[in-house]
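Just so we're on the same page: letters track the sequence lines, and every chain starts at 1.
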Amino acid sequence: MNSSAELAVDVRNAVKRYGDFTALQQISLGIRDNEFFTLLGPSGCGKTTLLRMIAGFEDVTEGGIFLFGDEIENLPPHKRPVNTVFQNYALFPHMSVLENVGFGLEMKGSSRKEAAKRAGEMLELVQLSQFAGRKPAQLSGGQQQRVALARALAPSPKVLLLDEPLSALDLKLRKAMQIELKHIQRETGITFIFVTHDQEEALTMSDRIAVMSAGELQQLGDARAIYEKPRNMFVADFIGDTNLLEVSVDKVTNGRAECRISGNHALSCDAVDGVDVGARVHLSIRPERLLLSDQGIEGSSLKGTVAENIYIGTDITTIMDVDGGPKITVRTSNTERGNKRIFEPGSRAYVNMETGAARLLVD
Amino acid sequence: MSAKTDVRTYTGFRFMTILCLVVLYAPLIVVTVYSFNASRSLTVWEGLSLRWYAEVFVGPESAKFKQAALNSFSIALIAATLATAIATAAATAIVRGGKFRLRTPSLGLITLPIMVPEIVLAVATLIFFNSVGFTRGYMTILVAHIAFCIPFAYLPIQARMQGIEDTYEHAAMDLYATRAQAFRRILLPLMMPGIISGFLLAFIVSLDDFIITNFVKGAGVETLPTAIFGSVKQGLKPNIMAISTMLLGFSIVMVTLSYFASKRNNTQ
């Protein structure tokens, strides 16, 4: 893992400044070969800037970017073996779909005939063979998206960069494309670097995710690690829904931390590095890992009154007023299985935490 | 739009419209109609005839007009072509050159000649040719025409280019095209409607020019406008109306082509 030759893209201490504004501060991350890697973050977090730096449209202020061990900083975009699927697709409007897909191959030196043949194969991969002769404007948004994908894949790049390519599609189509993209990545074995602000999309598709905010890398890990073991408040809050409770730490023993939230409720959870007795920190608890019950469990329960039930189809969301404490959200899946009970608003109940559900966040 | 605010309901709308149309087009219609008059008179209609058109081509002045027409069209063609090439390069630099320091002054300098009174340009051009010692003739007209055609060619090209997002060129370069290939294969075809429109506009402006041409032409070299002017000074004859009508027809065709070229969308 330390040898950069094993990494498809190795970003080392990359900094990007525009005048006084720092868009990226000291980002270091290694993207493995054959990986579906996602840069996730809210708009303005620097994810697209990083992608454009890899593509060669932005230069690196400090640090370096290596592609399979080779420094690429001084290569112009057309000499980098990476291709991009642009957010607005940027299909050449005056060329047919087939010419669009064949363009990269032609520029790489293939004859027009070879390029057309390979372009035809790529169109088959994205199931658009029957549209080869059309102009991009005659296709739907979803079809244009697939042409853009085929065009970027046709020259067999070492790394494919995708800049929020699904953001213009409607929800159903987007979900279908997420799965298709994942399949295409598996089939071609090309490293994908995908940029998105949609955390659900990132969790669905990625082997690993880099969560970014304000030009900094917040956390790097697989979907499960990012969701279940967020490293800080930003990641916990940005990825999925969560209850963020302010707690004070009473005691740390044997890797367990005894915490107290307002209203004098005790909760115990796994300790993390940097947690000291007396510290005011936060606990993140996912709503689906909480259970409403008549009976409490010592150290894992909060007692309160049901404020509201919200029916959302797959789940029922219950808002609890914890006695003397904060409001807390509990999500109960809408099934008949188990002995789940619906507590009506106004009734008293315990909120029980599953083992390991609470995650301490230092910052 | 509601009926109350519709401009057509304003008092005097119909009258103003008709007045404007009459002022604009009545002279042209009179010239066109009387160019088909059988009579030598400019005011009395004596029947339909093509004799003045025949006079233009075979009459005593036909040699002079043929040479003038040849000069006019050849100068317009060369001047419009070169001006369009220069304007295309200028538009590429100004629209795609990023935010360079002299960008706004450059844009101003290239379009300013449209607003400068033509007589000033004419005098300035004449002084320039005299001071560098050019002999006035065909070449001086051509050089002057190339120069004043540039802003006319430039404007439609720039307008078109501003509508083309630079992601197309980024995409091309991402797909291994060099900057030059991206320009030739992507930007140039997308700009083409603007370029054609600019060329046609420059062509018409050159063909139509009188003031500058009259200053910088040498003795004996005439373009159609100067030849017509020379003829008129010796008395109005209906053959001038015939030439004017032909020139008018040609201009209408060119302007129409220019309009459709600028509207044409080569992306569908």
Side-chain angles (χ1 to χ4, degrees), chain A residues 18-19 48 51-52 54-58 75-96 99-110 112 115 119 122 134-139 144 147-148 150-157 159-163, chain B residues 84 88 91-93 95-101 103-104 156-200 257-258 260-268:
Chain A
Y18 299 99
T48 297
L51 196 79
R52 289 170 60 83
I54 298 170
F57 297 123
E58 302 280 356
L75 292 180
H78 70 270
K79 289 198 175 142
R80 299 189 185 197
V82 299
N83 291 142
T84 308
V85 178
F86 291 86
Q87 187 170 14
N88 59 1
Y89 316 139
L91 297 174
F92 306 133
H94 58 300
M95 292 185 185
S96 72
E99 286 167 331
N100 260 284
V101 178
F103 185 83
L105 295 156
E106 232 185 283
M107 291 299 114
K108 257 180 129 182
S110 302
R112 222 166 249 255
M122 291 315 298
R134 295 224 189 148
K135 289 280 173 67
Q138 297 167 308
L139 302 182
Q144 291 182 22
V147 174
R151 183 177 73 173
L153 282 171
S156 309
V159 174
L160 187 76
L161 309 174
L162 302 105
D163 184 9
Chain B
T84 304
T88 304
T92 308
V95 179
R96 283 295 192 267
K99 281 189 181 142
F100 57 94
R101 207 153 48 92
R103 181 179 163 147
T104 309
I157 295 173
Q158 181 194 253
R160 175 77 189 181
M161 199 156 176
Q162 276 169 337
I164 303 170
E165 292 171 55
D166 58 5
T167 45
Y168 294 126
E169 291 143 87
H170 281 166
M173 286 190 268
D174 187 64
L175 292 161
Y176 313 106
T178 60
R179 206 166 258 282
Q181 282 170 319
F183 178 79
R184 197 168 50 78
R185 295 286 304 267
I186 307 299
L187 192 55
L188 202 57
L190 291 176
M191 278 165 74
M192 205 39 92
I195 293 175
I196 292 171
S197 179
F199 171 85
L200 293 174
L257 284 179
S258 171
F260 281 112
S262 68
K263 289 283 158 198
R264 190 173 132 243
N265 193 344
N266 59 355
T267 61
Q268 301 288 307

statement: Looking only at heavy atoms, the pair that brings Asn88(A) and Glu165(B) closest together is ND2-OE1, 2.9 Å

message: Quick check for you: among Gly109(A), Ala90(A), Gly56(A), which has the greatest number of heavy-atom pairs under 4.5 Å with chain B?
response: Ala90(A)

- request: Drop me the distance from Phe92(A)'s CZ to Leu190(B)'s CG, to the nearest 0.5 angstrom.
  value: 9.0 Å

Under 4.5 Å from a heavy atom of chain B, the part of Arg134(A) involved: neither

- prompt: Considering only heavy atoms, which portion of Ala172(B) lies under 4.5 Å from any heavy atom of chain A: side chain, backbone, both, or neither?
  reply: both

query: Between Ala171(B) and Arg151(A), what is the shortest heavy-atom contact and its length?
result: CB-NH2, 3.6 Å

task: Write out all pairs satisfying salt bridge (charged side-chain N to carboxylate O under 4.0 Å, His left out) with one or both partners inside residues 167-193 of chain B, taking only residues at least two apart or from two chains.
output: Glu106(A)-Arg185(B), Arg96(B)-Glu169(B)

statement: Minimal heavy-atom distance between His78(A) and Thr178(B), with the atoms involved, is NE2-CG2, 3.7 Å

message: What part of Leu161(A) gets within 4.5 angstrom of chain B, counting heavy atoms only: side chain, backbone, both, or neither?
response: neither

field: 4.5 Å side-chain heavy-atom contact, Asn83(A) and Tyr176(B)
entry: yes

task: Determine the minimum heavy-atom distance between Ile186(B) and Met95(A), stating which atoms define it.
output: CD1-CE, 3.7 Å

Under the ring pair (Phe, Tyr, Trp, His ring centres under 6.0 Å) test, residues paired with His170(B) that sit two or more places apart: Phe57(A)

message: Could you check whether atom CZ of Arg103(B) has more than 12 heavy atoms from other residues, nucleotides or ligands sitting under 6.0 Å from it?
response: yes

